[in-house]
Structure formats: structure tokens, C-alpha cells
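Remarks on the structure that follows.
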Amino acid sequence: MALALGLVLAVGLVFALAVIFRIPFSVEMLSGIAFLITFTLITMMLVLGKGKNTLNAEKKDKLETYFDKEIKLNADIRQKKYDYKQKLANLKKEIKKLKKELHSYEKREKRGVSIDAEAKQNTQTQLEQLQEQYKTVKKVDGEEFKQFKIKTDKQINELSRKNLYFKDLYGKLIDFSV
């Protein structure tokens, strides 16, 4: 529908521009230009229509077999990133919990309530250890994830270069258009 509308608008636009700018074309030249534009648009509609039909004819299973390795590698990247973020989030939750506990000890101390100094010291050391663990996990696992992503992206690029799906589809369209 849109291509047909474009066809009508293109022909109308050519004639309108010729009339507006008073281009001294003969009727044969205007009709030749209109025919050329019309032929080009009709050919594009046929080729694009064939391409759409070819894509629709391909079964979903066939598409998955063409791209299954790339999909799996992308899923691996996402899963690794999710695991990394979850690990950091869990450590942050633990740190936040220990900070609240330490803060409650300090509040009780300000109010004059007796507290267990050893428990407070244990909480303080656990907090420091968790903060150090968070820093090391963020640095080490982050670098590990970056290296994994770089390696996997290279594999995806190699696989996509070897994948002939679009080349086959383009070949079918060119055969049809010729």
C-alpha cells in the first residue's frame, strides 16, 4: 500500500515540479521520466515483495539452526553478566546489613545502654572483610567478565562471518530480480 502510494506521489511530483518550475520539457520527455520512475518503483515492489515472501517462507526452526550458535554465545554473555551483578548485589546487601547492625550498636552506646564490645568488634571486622572482598570481587570478576566478553564477541564475529543465511537470501533475491 505504501509503495503504491509512493508510486503515485512520485509521478505526481515529477509533473508538478515540471509545471511549477516551467521546465521546457516536451510531453515525450515527461512521459519518459514518469515511465522510468514507475518502472523502478514497480521493480522495487516486486523484489521487496519477493524478499518478504522468501523471509516468511523460511521456517522459524531453520532460522534458529542458522543462528543457534550466535544466540547461545549471546545468552552465555548475558548469564555471566547477570551472575557477576548478582554476586556484587549480594555482597552489597551483606555490607548494608552489617552497617545497620554497627549503627544500632552505636545508637545503643549513645543512649547509655550497655553493649557487647566483642560483638561490636566482630561486626566491625566482618564489615571490613566484606568491603575488601567486595573490592576484590569487583576487580577480579569484572576483569574476568571483560575477558570472557571479548573472547565471546570474537567467536560471535567469526561465526557470523561463516554464516551464509543472508548471502543465500540475497542470492535468491538477485536471481529473482535478474
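Sequence positions, counted from 1, serve as the residue numbers for this chain. It should be emphasised that the depicted structure is a prediction, and the values quoted were computed from it without experimental measurement. Just so you know, these numbers use all the heavy atoms, side chains as well, and skip hydrogens, waters and symmetry mates.
Every side chain to side chain contact (heavy atoms under 4.5 Å, CB included) that E70 has, sequence neighbours left out, goes to F67, I156, L159, S160, N163. Remark: Q129 engages no residue in a side chain to side chain contact (heavy atoms under 4.5 Å, CB included) (not counting sequence neighbours). By the side chain to side chain donor-acceptor pair (under 3.5 Å) test, Q79 is found to be paired with D83, residues two or more places apart in sequence or in another chain being considered. The side chain to side chain contact (heavy atoms under 4.5 Å, CB included) check on K107 picks up H103, R111, with sequence neighbours excluded.
Linking Ile, Leu, Val, Met, Phe, Trp and Tyr residues whenever their side-chain heavy atoms come within less than 4.5 Å places Y84 and L130 in a single cluster. Both L127 and L88 are members of a single hydrophobic cluster when ILVMFWY side chains are connected at heavy-atom separations under 4.5 Å.
Atom NZ of K135 sits about 11.0 Å away from atom NZ of K139, to the nearest 0.5 Å. Atom OG1 in T152 sits 11.0 Å away from atom CG in N157 (nearest 0.5 Å). Rounding to the nearest 0.5 angstrom, the gap separating the CD atom in E109 from the OG atom in S104 is 11.0 Å. Separating the CG atom in N122 from the CG atom in L98 is a distance of 11.0 Å, to the nearest 0.5 Å. The CD1 atom of I77 lies 10.5 Å from the CD1 atom of I150; values are rounded to the nearest 0.5 Å. Of the inter-residue distances, the one linking I71 atom CD1 with D76 atom CG reads 12.0 Å to the nearest 0.5 angstrom.
Nearest heavy-atom pair, Q124 versus L102, reported as atom, atom and distance to 0.1 Å: OE1-CD2, 2.8 Å. In terms of heavy atoms, Y105 sits closest to A119 at OH-CB, 3.3 Å.
In the displayed structure, E118 atom CD is contacted under 6.0 Å by at most 12 heavy atoms of other residues, nucleotides or ligands.
Listed by first and then second residue, the salt bridge (charged side-chain N to carboxylate O under 4.0 Å, His left out) pairs involving residues 143-152 are K80-E144, K149-D153 (not counting sequence neighbours). Residue pairs meeting the salt bridge (charged side-chain N to carboxylate O under 4.0 Å, His left out) criterion with at least one partner in residues 85-101, sequence neighbours excluded, are K87-D141.
K69 has its side chain out of reach of Q155: every pair of non-hydrogen atoms, C-beta onward, lies at least 4.5 Å apart.
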